[in-house]
Amino acid sequence: MALKRGMLIVFEGNDRVGKSTQAKKLVEWFKTNGKLAQFVQFPDRSTPIGSLINQYLKGEQKMHDNSIHLLFTANRWEKFDEMNAALRSGQMVIVDRYSYSGVAYTVSKGIADYEWCRGPEKGLLKPDCVIFLSSDIKMLQNRGDFGKEVYETSEFQSSVRDVYMKLMEPNWNVIDANRNIEEIHQDIVKVVEDKLPNLQQEILKLW
Ligand code: FDM
Ligand code: MG
């Protein structure tokens with residue numbers, strides 16, 4: 001079955017839940033199945049805006065909460081053309097964090113509401129599939145490197161999880177992340193395999 005376009009798959013979830021690992025494994029799975037696929041990560045720390053975000057996350061640069069929120073969104077807009085072109089040429093785009101992270105983390109700070117946070121996301125590519133890796137915050141605390149960046153406190157991560165629960169839409173795929181990497185990967189493959197045949201009829205959508 002030839003796909004006219006690629007699929008935009010978004011991974012969401014708390015810090016250290018295993019999103020990057022699973023997203024990269026999914027890219028490899030597509031490639032071994034003969035499909036072009038690319039990994040995209042937000043924040044993309046390699047751009048000038050991404051470099052500012054990186055300094056903020058490492059605690060090296062103070063920033064107004066509303067400003068950092070807008071930089072995260074601007075960082076997604078920087079990748080719009082590239083992602084759009086890849087999808088239209090038939091490539092799968094597997095994204096580690098997207099607009100939901102933008103909203104969940106800023107709403108958790110209590111400084112802005114959903115509408116404000118979501119505003120500048122309007123017009124970005126809408127995901128075809130959202131995979132939410134779900135875990136107890138206690139499990140994440142014990143994972144290597146937890147605590148190295150400014151949002152990595154169990155208190156903040158708990159409130160992020162609460163906001164994610166409120167943002168959750170019926171079409172999200174919730175995957176239990178407290179299992180071994182292979183088991184999780186197999187569940188994700190099942191989700192994706194289910195969605196692939198429907199894609200042919202659907203056009204790319206925007207938020
Ligand atoms: N984060 C990430 C946000 O606050 N807003 C966003 O829009 C995005 C994409 O940045 F704590 C937060 C989430 C996380 C931090 O992300 C760095 P990674 O995935 O841990 O690199
Ligand atoms: Mg992190």
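As the structure is a computational prediction, the values presented were derived from the model and not from experiment. As the structure lists them, so they are numbered: ligands from 1, and atoms in each ligand from 1.
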Mind checking whether Arg97 has an N or O less than 3.5 Å away from an N or O of ligand 1?
yes
Using distance alone, decide if ligand 1 has a nitrogen or oxygen within less than 3.5 Å of any nitrogen or oxygen in Gly102.
yes
Test side-chain contact (heavy atoms from CB on, under 4.5 Å) applied to Lys195 and Asn173, step by step:
CA-CA 11 Å; Lys195 295 236 172 353; Asn173 301 278; 3.8 Å; yes
Heavy atom of Arg76, distance to ligand 1 below 4.0 Å:
yes
Which ligand 1 atoms are under 4.0 Å away from a heavy-atom of Tyr151?
4 (O), 11 (F), 12 (C)
of all protein heavy atoms, closest to atom 4 (O) of ligand 1 is Tyr105 CB, 3.1 Å
Where does the angle between the aromatic ring planes of Phe42 and Tyr98 fall among parallel (under 30°), tilted (30 to 60°) and perpendicular (over 60°)?
tilted
Parallel, tilted or perpendicular: which describes the rings of Tyr105 and Tyr151, with under 30° parallel and over 60° perpendicular?
tilted
Among Tyr56, Phe72, Phe11, which one puts a heavy atom closest to atom 3 (C) of ligand 1?
Phe72
Of all N/O/S atoms in Asp15, which lies nearest to the Mg ion (ligand 2)?
OD1
Provide the closest heavy-atom pair for Ala86 versus Gln38 in the form atom of the first, atom of the second, distance.
CB-NE2, 3.5 Å
Check whether any N or O atom of Arg45, backbone or side chain, sits under 3.5 Å from an N or O atom of ligand 1, and answer yes or no.
yes
Could you see which bit of Leu57 sits under 4.0 Å from ligand 1, with heavy atoms only: side chain, backbone, both or neither?
side chain
Lys58 atom NZ: more than 12 heavy-atom contacts under 6.0 Å
yes
Considering the heavy atoms of Asp15, write down every atom of ligand 1 situated less than 4.0 Å from one of them.
11 (F), 14 (C), 20 (O)
I'd like to know if Glu82 and Lys79 make a salt bridge, using a cut-off of under 4.0 Å between side-chain N and carboxylate O.
yes
Quick look: Ser20 vs ligand 1, heavy-atom contacts under 4.0 Å, and the answer is neither
Are Glu169 and Lys126 within salt-bridge range, i.e. N to O under 4.0 Å?
no
Answer with side chain, backbone, both or neither: which part of Phe42 has a heavy atom less than 4.0 angstrom from an atom of ligand 1?
both
Is the closest heavy atom of Arg16 to ligand 1 under 4.0 Å?
no
State plainly whether the residues Asp136 and Arg161 are in salt-bridge range, i.e. N to O under 4.0 Å.
no
Do Lys25 and Ile184 have side chains that get closer than 4.5 Å, going by heavy atoms?
no
